[in-house]
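First comes the structure, then the notes that go with it.
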Amino acid sequence: MSTLAVTPRRRAGRTGSLLAGSFLGAMLLAVVFAGVIFPEGYDAQDVTRRFAEPTWFGPLPLGTDELGRDLLARVLYGGRPALGISAVAAVLATVLGAAAALGATLGGRPWDGIIGRIADVQLAVPTILIALVVLSFSGSGTIPLIGVLTVGSWVLTFRILRAQLAAVVALPYIEAARLAGAQGPTLLRRHVLPAAAPLAVVALTLNFSTALVLESSLGYLGLGIAPPRPDWGQIVASGQAQLAGAWWISIVPGAFLVATVVSIQIVGDRIADLLTLPGSQDGTR
Amino acid sequence: AVTSGTTAGSEQDSSLVIGISRKLTSIDPAEGGSIDGDATLARAIYSGLTYYDPELQLRGELAESWTQDDDTHWTFVLREGVTWSDGSPFTAEQVVRNFERFLDPESTLGNAAAIRAIISGVTAPDDGTVVIETNGPFIDLPDRLAHFFLVNPDFLQAHPDELVALGTGPYVLESVDLENGAVLTRNPSYFGEAPEWERVEYRVLETEAARVQAAQAEEIDVAIQYEPASLELFADSDVYATGNQWSSWNNTLRINENVAPLDDARVRQALNYAIDKQALIRDVVGADVEPLAGQVLSDPYDRVNPDLEAYPYDPERARQLLAEAGHADGITIELGLSTGSYVAQDPVSQAIARQLGEVGITVEITNQSFPNWVERTRSADDAPALYYIGYTSGYRAPAERLRIYTSGNGQSHYSPPDAVYDDLVTRVTAATTPEQQQDLVNQATAHYREQAHAVFLWPQPLTYVVRKDLEWTPRPEHWLVPQEFRSRS
Amino acid sequence: MTLSRPLTAASEDLPEAAPPLVSVRGLRIATTGGAPLVHGVDLDLDAGTTLGIVGESGSGKTLTAMAVAGLLPRGVVVTGGRIAVDGRDVTVRSPAERRGLLRDTFGVVFQNPAVSLNPRLTIGRQLREALPDADRRNRGRAWRRSLELLEHVGVGRAAQRLRAYPHELSGGLNQRVVIATAIARSPRVLVADEATTALDVSVQQQVLDLLDRLRDELRLGVVLVSHDIGVIADRAGRVVVMQGGEVVEHGGTGDVLDRPRDGYTRRLLAAVPRLDTPSPAGPPADAPVLLSGHDLVRDFPVAGGRGARLRAVDHVDITLRAGQALGVVGESGSGKSTLARILVGIDPGHHGTLTAFGEQVTGRVPARRRMLRRVQYVFQDPYAALDPRQTVAESIAEPIELAGTRDRRGRVPGRVAELLDDVQLARDLGTRLPHELSGGQRQRVVIARALALEPDVLIADEPVSALDLSVQAGILDLLTRLRAERDLTYLVISHDLAVVRGLCTDVLVLHDGVGIEQGPTDAIFTAPTADYTRRLLDAVPGRSRQRSSSVPHPATPRKDNP
Amino acid sequence: MTAVLSPTGPPGPPAGAPPSPARPARPRWPLSARYVLSRLLNAVLAVWAVLTIVFFAMHMTGNPASLLLPIDASEEEIARLTAALGFADPLPEQYLRFLGQVLTGQFPASIRHGGDPVALVLERLPATLLLGTWGMIIGASLGLAAGAVATFGRNRRLRRVPISVLTALEAVPSFFLGIVLIAVFSIALSVLPLRGAGTPAHLVLPAVVIGLALAAPVARVFRTSLQESTGAEHVRLAEAKGIGRAQVVLRHIVVNALAPVLNVLGVQAGVVLGGAVVTEAVFGWPGVGQLATSAIDSRDFPVVLACVALIAFGFVLVNLLVDLAAAILDPRGGRR
Ligand SMILES: Nc1ncnc2c1ncn2[C@@H]1O[C@H](COP(=O)(O)OP(=O)(O)OP(=O)(O)O)[C@@H](O)[C@H]1O
Ligand SMILES: Nc1ncnc2c1ncn2[C@@H]1O[C@H](COP(=O)(O)OP(=O)(O)OP(=O)(O)O)[C@@H](O)[C@H]1O
Ligand SMILES: [Mg+2]
Ligand SMILES: [Mg+2]
């Protein structure tokens, strides 16, 4: 099967990545402290102010929805499942993918074959379809969502790291280290893992953004976090009918989603840039 | 009406585009399906022995007339000269075979059980008459048959597992795609008055967004099941009129009494007292409906118990009842919703959660896809403590409406089973006169209100968007019958 | 540019009136950013002659040659001077003019035949592309011309080769194809930039012979760029020596190489390992055997071939005695590295018996471990043998740390400093990462690391092949010194016979995995018994100029050599 | 010999040359039968594994019988129908029965539609293929164009703009992109139909959504491989032949850079198929994705299984084709 080309998306400029990083940071803070900013919660209804337009800098900066709920509150609270679930899934997927890659690289032929096959099978079915099957039958709780997103993302990590590890393990310096007496865990810790770590970090950001997109897609299809708890994809879906009138209900959370995904990618690319060893011979990024 | 693009010309080749809010499940009317989905299509392709006219008067369709011979025997005289849309004659023997499909004990048809519960046998003494024998007295039989469509059994046998249909209705099925809709054309050999539209297109618009946008793009002539909030989008429309009215669909929160402390009637009553139905209707539902009067029946569609009243909004009383039941410091229960099934369900549920919260009942709302939700509501140990549900029917038969709430129903979870109510409903079914039936209905509903086995809400609003140049009387059952649309010119 | 002299005076054989085929005056090349790279080069080239350009890496040889052909890489431009062909100034070329010159006047051969051809296209298509328009357009004619060309450059079974892809041919054949494309339009100047460096000695010789033949037959002017002075000595009539973007010396090859006037040229020539240096004396015949392999065999599965195997090492016997410095020589692919890997015990799949320090190792893990302490390996490629994330000190310290004893660990920093001293690296280099080092420095780090555990035997795979001449000389000196100071026993692999001659007491010649002969270096170099060894020695460039002089000629055996 | 080499001289056939200059067509199959077989085996294995996983995932959690009945059905009725449809049997038994049916080429009948689910899926396949193909075409052309501009564009600042735009668009989840496009083109401007299929106009928005998800990776990989092949040594040799710039660029740079793009397209086939699920939902496109979604909704197990099997098989097949094409583009490929 063809290998995934991991080419940097963009040359992450200093200012661009700074901007993206600050946006991510500010948003994470706001999401984490949503409870402090909006102590009344995401569900404070007030029918007298239904479909209030965004004032941007006044009260109700992002307007309200069909129940008169503050959209900013909903977007910030909605970031919790969206970001939280995706982040956990991304970490799990990276760990799982890395473990699988290590197992395939160091476990010898049979393991390589088995894990590779599993990855091939997994790749052959669109994740979203697996997610639909599982979630529509298991119900869409946090745990099944994390499970589905993890299952959907680990292959990418596995493939990237598998290729990298295969290249690294074949490098003379690994053999040289072996001759110098490094074996098993020592070899892993001293030479193999450090070589794979930067790419794992990149894979982590990649997984984060794919998981976020998938999570919100599921939310949009009604298989994500169930209302009344808000979730980005779900808010977008809930406002879709009102696009012509109260466009902000859909567009604002959607824009947050897009901005977040872009920021994660920019930051990820920047990390990749920074981790690249200048002049390194082993193709390590 | 949207004129079909392919046949634009001088001909009066008109078509009607109807948005339906659910996927079709089958083309065989025996398989159940919802009234706003499959049954709406069936109503245009097939005919029944009886039907309700737009004023809700029961009339004969394929039956010219009927008489009750004794407590359990009814004779239906068939209309003469009726043919199937392929020109073959419609016969009494075919009617008999239609019923036999359901009466076969091995039948896997979705509606078989419901029919078998009422009817024990059907015969055709001659070509123009059919005699139906019921299990016991059942005075609502002609009403019941208004939602029983007759298919051509020979055709069905010849085309198993195919998405084709042969009926006697005003329209012929041209093509169907269960996920996306169907196209019908006028049946030239229809026995009744020819409908106005040459061609009818049903378009599946499963989501609110799809329905709203289809109207915004002016791609449909009519659709129902809009969220009340969406109707405001068309308030100033030149093209569409909107409506929001009562329907025959009665909504309640059903209660899983296996979940403590809901086995305590006082707690269930407290639930009923704690919800301000009037305010919710005013603020969220926005329809001209009245709260259910402490029963699962509603005026004017059903025969109701006129003596009952809705539980008033009385949070004090609710708190007091809770305290009496030993839950002064509150309880926490789940409210299970099925995604997108009922108009205004989400805002209503969230408002209900707030109101219940004020008397110390913390509500956790869960949302599931319809299939999963149905499954859960049917499992005694896993059903949500409360679940938002509405039942409708295509005919008026009080016994059938009340039976849904008896202990034997898959979605009833009473603790212990309510033998009194079950017995009363059995007797309603077997009533031999309307007066007797009314009396029993009164007893059953009064008992049920007292036990507060459910939280009584209100009839589900019928919301619609329809082209201003169309004349149409909305059907409380949610039928969208193409032959009932007329242009206003 | 002080050394620039009128060159015409030196071109003895030509009538004075005729302008040289190519004449370059005061050529300056700089990056578009303005950094000067070549500062005023003069050279002349006449039809039917070969002009050699030598100099160390980075001296500007390639840039000069490419500027003449008009093929400077992007980002580099000619900023001054004049390039003339037949006396006509072509310094500034429009794209069309440039293409015209490339079509009619210049043919170019690049260093690496493996990547010079488009892997996606057949040889035939690429040759056809190079043909003059008239031939190219007509399918049949193109086909016939291509056949002729291939045969002309000595590619057999030409019809079949035309349908082959580059990867299906050997390096030597590919380079012939490249040459065929270069002469396809009957150019008048052939620019060959390190055209044979990537090739094996024997193949190299054939390709250079081909260039000579074409030069004579077609009266080509050939610009031969090489850092291998032997090659230039054999092939070029005139030579230009470059350093730091300047020409430091030029003239007839014999003059320059025999009587270098410039200090740099002298140093350059001194650094060339000589095939005629006496080899160091070996240990007595009864010295203990440290390592020995008996009947070693190693097969590799051939990729894609069903069950087919490639025998990389074929029943080889080898012994290494204490105090020996054993050189293993042979062409590329003859199994040198594979044999070395077997000997250090990192090749799992071999057959035969390996004995180390009197103990049989094959199949015995503890014995292998004991052996690993006393035998160290220097990898072929110093670039890849260091973890790019470890500093020099960390790399060198690693074997000591891993070797265990606490008392040793305490003294790690001091030991690292000692080792850096040993290989003559400044101690403050210890904090650098490998990519911050030059090739020679890296190679020293690798050697220091191999010495860290004070091994008895050092196995070094091509320790100098990746390095510049002057750097190479430094490493060879280092190895010699270490042997003297530490009593190290060596096994050195090299395809460069001159290196082996100067470094090793004994030689093992490998050919296609088979051990051809083993014996004292001097004996084998002066009186090879095997045919193959003789051919190998004959192919070494530089043998054509067998003159006794003070200037080294790599292949000239010394008379006073026993 | 000199005469032979003269460009104007009559080309005499040299000794040893074949008498006829006509080039026999060389049938060179770029993939070995063994490779193709092993890949097909992989496909079968993938399909089997996927079927097994989905089978158990579905059967352990739900029972289609209860959905076939009216919502007010009684408990006994549900139990009766469950048994009648065979869903009451032990799971392994159902699984073996199912495998047996699949092996004999006959999927169990669709619960909702009645007929053979494979036929149903095949009926929907053209719509999905149409959408996917156009999505791929749009994505590939946009991506290739942007990659080419980024490499060959004259203006150093501006040439990266298209690729950046595509990369930004890639970050937009397809459901949201779909919504925005609908809002703009179907509702605000009313120039394109809202949802459904039938006319080419219906195809535009969903195909663009799929295409835009694809364009950025294509552009990135194309740009990288263009840059790699621009710097390749063989390009210098081609230039040294004095042939036209256009020829060098096209034959020696662009075509050489296409193989990695093909690989990306192969991997992205999964994205297209997966994206189809969402895109078909947003646009009401009557394809396999929609069928799968609604079959999942209605617990039509056989149809779900047929859809999943077909998609998995399609993915493997597409990648096999990609491998074939890549092998033709790059004769060195280690796929023999
Ligand atoms: N494209 C380029 N851009 C910038 N500097 C370059 C470029 N090409 C070569 N140089 C620099 O020009 C100088 C001369 O390079 P050149 O390739 O001519 O050396 P060389 O003598 O051929 O060396 P070698 O023996 O290693 O091939 C070097 O310092 C090199 O770094
Ligand atoms: N790991 C391997 N798998 C398959 N074949 C191999 C492997 N290692 C070496 N070979 C093959 O074995 C033969 C000998 O290789 P080896 O590396 O020992 O040659 P060498 O003499 O060191 O050549 P060079 O001078 O180019 O380094 C070659 O044909 C090579 O292709
Ligand atoms: Mg060079
Ligand atoms: Mg080697």
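Every value quoted in this text rests on a predicted model; they were computed, and no experiment measured them. Residue numbers begin at 1 in each chain, while the letters A, B, ... track the order of the sequences.
Atom CD of A:Gln234 is separated from atom CZ of A:Arg74 by 6.5 Å, given to the nearest 0.5 angstrom. In this structure, OG1 in A:Thr142 is found 13.0 Å from CZ in A:Arg80, a value given to the nearest 0.5 Å. In this structure, A:Leu145 CG and A:Thr150 OG1 are separated by 10.0 Å, a value rounded to the nearest 0.5 Å. Interatomic distance, A:Met27 CE to A:Ser263 OG, rounded to the nearest 0.5 Å: 7.5 Å.
The part of A:Leu243 that comes within reach of chain D is its side chain, from C-beta onward, which places non-hydrogen atoms under 4.5 angstrom from that chain. Only the side chain of D:Val304 comes within less than 4.5 Å of a heavy atom in chain A; its backbone stays farther off. Heavy-atom distances place the backbone of A:Ala255, and not its side chain, under 4.5 Å from chain D. Heavy-atom distances place both the backbone and the side chain of A:Ile251 under 4.5 Å from chain D. With a 4.5 Å cut-off on non-hydrogen atoms, A:Thr127 does not touch chain D at all. Interface residue D:Val180: only side-chain heavy atoms are found under 4.5 Å from chain A.
Under the ring-ring contact (aromatic ring centres under 6.0 Å, His included) criterion, D:Phe55 pairs with D:His59, D:Tyr95, D:Phe98, sequence neighbours left out.
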